[in-house]
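Counting starts at 1 for both ligands and their atoms, in listed order. Side chains included, hydrogens not; waters and symmetry mates left out as well; all remaining heavy atoms used.
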Amino acid sequence: MYSAGIPTLKMNIKSNLTAVKQTIPNNVRLVAVSKYHPVEAIQEAYDAGQRTFGESKALDMRDKYEALPKDIQWHFIGHLQSNKIKYIVPYVSLIESVDSFKLLNEIEKCAAKNNRIADCLLQLHVAQEETKFGFTFDECRDMLSNGAWQQLTHVNIRGLMTMASNTDNKKQIQSEFHSEKLFFDEIKEKYFNSKEDFNILSEGMSHDYPIAIGEGSNCVRIGTAIFGKP
Ligand SMILES: *Cc1c(COP(=O)(O)O)cnc(C)c1O
């Protein structure tokens with residue numbers, strides 16, 4: 001069984017990154033969440049070999065995209081407003097935070113204009129906090145069984161993204177991640193015909209990623225443990 005502790009913060013980004021990477025199995029993708037950190041900090045992580053970064057504001061992401069090396073894979077992880085889609089669609093690698101059919105439909109239009117297919121994750125809302133965006137399991141099932149999404153040819157739904165409740169209760173966090181993995185398996189079979197590239201389960205942040213990996217996450221989004229507190 002997978003078990004690893006969260007490394008303590010070191011002096012610099014490179015050693016934090018190395019320490020975090022040592023705790024992450026090869027099959028798990030590491031998204032270094034660089035939101036609120038300057039271009040220099042991202043460049044430091046880039047120079048240490050990191051290529052996938054996560055941002056939560058469209059304009060920040062665009063500015064950083066323009067300033068930094070073009071082989072970076074940018075993941076968008078924040079709430080995306082329709083009028084900001086155009087700032088990320090031309091180059092974004094994965095939009096992890098699709099929280100409504102309406103947004104998916106707007107991404108479709110923008111991706112079509114840009115003549116590309118936008119990879120997306122559906123964001124689930126399982127955490128207890130009121131403020132978090134995302135589909136409940138039932139809203140997600142409803143959206144998928146409705147079928148309208150299947151007409152969208154410029155978006156490709158690659159999996160699910162979630163955040164666990166912000167609590168010290170490990171059992172609760174673990175049970176949330178566990179039910180999300182079951183849900184992932186359910187909808188992959190039922191609505192995606194088990195297609196191979198429905199294969200990303202993005203779960204786990206600095207304080208809970210070992211639990212998430214233990215429960216089947218294959219994509220962790222880690223900010224503070226790499227960059228320190230913004
Ligand atoms: C900020 C953020 C993270 C990273 O959180 P840390 O606690 O700094 O690791 C991960 N996912 C989302 C959606 C975020 O907004």
Side-chain angles (χ1 to χ4, degrees), residues 4-10 12-24 28-38 41-42 44-45 48 50 52-61 64 72-81 84 88 92-100 103 107 119-136 140 158-170 172-173 176-177 180 184 200-230:
I6 298 160
T8 46
L9 270 179
K10 307 274 191 318
N12 62 51
I13 290 169
K14 184 175 181 187
S15 37
N16 288 336
L17 189 61
T18 306
V20 165
K21 272 191 186 158
Q22 278 165 356
T23 64
I24 295 177
V28 176
R29 186 191 315 225
L30 169 61
V31 181
V33 175
S34 48
K35 65 181 187 204
Y36 311 133
H37 294 282
I42 302 174
E44 212 175 315
Q50 181 64 21
T52 306
F53 293 90
E55 286 287 329
S56 61
K57 299 241 187 306
L59 290 170
D60 288 355
M61 189 161 126
K64 289 171 176 177
I72 288 179
Q73 300 188 332
W74 293 100
H75 286 208
F76 192 80
I77 62 169
H79 179 62
L80 183 57
Q81 293 164 290
K84 303 270 170 64
I88 69 167
V92 70
S93 165
L94 184 64
I95 302 174
E96 296 204 17
S97 45
V98 174
D99 55 11
S100 68
L103 178 60
I107 296 170
D119 278 2
C120 296
L121 303 182
L122 302 177
Q123 180 176 354
L124 295 177
H125 174 106
V126 176
Q128 289 176 329
E129 286 88 58
E130 288 281 322
T131 54
K132 285 184 179 155
F133 293 100
F135 295 96
T136 64
C140 192
R158 298 286 315 274
L160 300 174
M161 185 272 259
T162 68
M163 272 180 275
S165 294
N166 190 5
T167 167
D168 291 332
N169 184 338
K170 292 208 157 113
Q172 184 184 336
I173 294 174
E176 290 177 7
F177 287 143
E180 283 149 6
F184 177 93
I200 305 175
L201 182 56
S202 174
E203 294 177 327
M205 308 170 34
S206 291
H207 67 283
D208 60 12
Y209 74 85
I211 308 175
I213 292 172
E215 294 300 325
S217 167
N218 61 14
C219 179
V220 292
R221 310 176 309 271
I222 300 182
T224 313
I226 295 171
F227 294 105
K229 286 220 189 303

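- Of the options His75, Arg221, His207, the smallest heavy-atom separation from atom 10 (C) of ligand 1 is shown by Arg221.
- Glu44 pairs with exactly one of Leu17, Asn12, Ile226 by the side-chain contact (heavy atoms from CB on, under 4.5 Å) rule, that one being Asn12.
- From the protein, the heavy atom lying nearest to atom 13 (C) of ligand 1 is Ile77 O, 3.5 Å.
- Relative ring orientation between Trp74 and Phe53 is described as tilted, the plane-to-plane angle lying within the 30° to 60° band.
- Between Gln172 and Ser165, the closest side-chain pair of non-hydrogen atoms falls below 4.5 Å.
- Donor-acceptor pairing under 3.5 Å is recorded for the side chains of Thr162 and Glu180.
- Closest to atom 5 (O) of ligand 1 among all protein heavy atoms lies Met205 CE, 3.4 Å.
- Under the side chain to side chain contact (heavy atoms under 4.5 Å, CB included) criterion, Gln73 pairs with Arg29, Thr52, Ser93, not counting sequence neighbours.
- At a threshold of 4.5 Å between non-hydrogen side-chain atoms, the residues Met161 and Arg221 count as touching.
- For ligand 1, the atoms closer than 4.0 angstrom to any heavy atom of Thr224 are 6 (P), 7 (O), 8 (O), 9 (O).
- Scanning all protein heavy atoms for the shortest distance to atom 2 (C) of ligand 1 gives Lys35 NZ, 2.6 Å.
- In this structure, atom 9 (O) of ligand 1 lies nearest to the protein heavy atom Ser206 OG, 2.5 Å.
- Using a 4.0 Å cut-off to heavy atoms of Ile222, the atoms of ligand 1 that qualify are 9 (O).
- Ligand 1 has an N or O atom lying under 3.5 Å from an N or O atom of Gly223, backbone or side chain.
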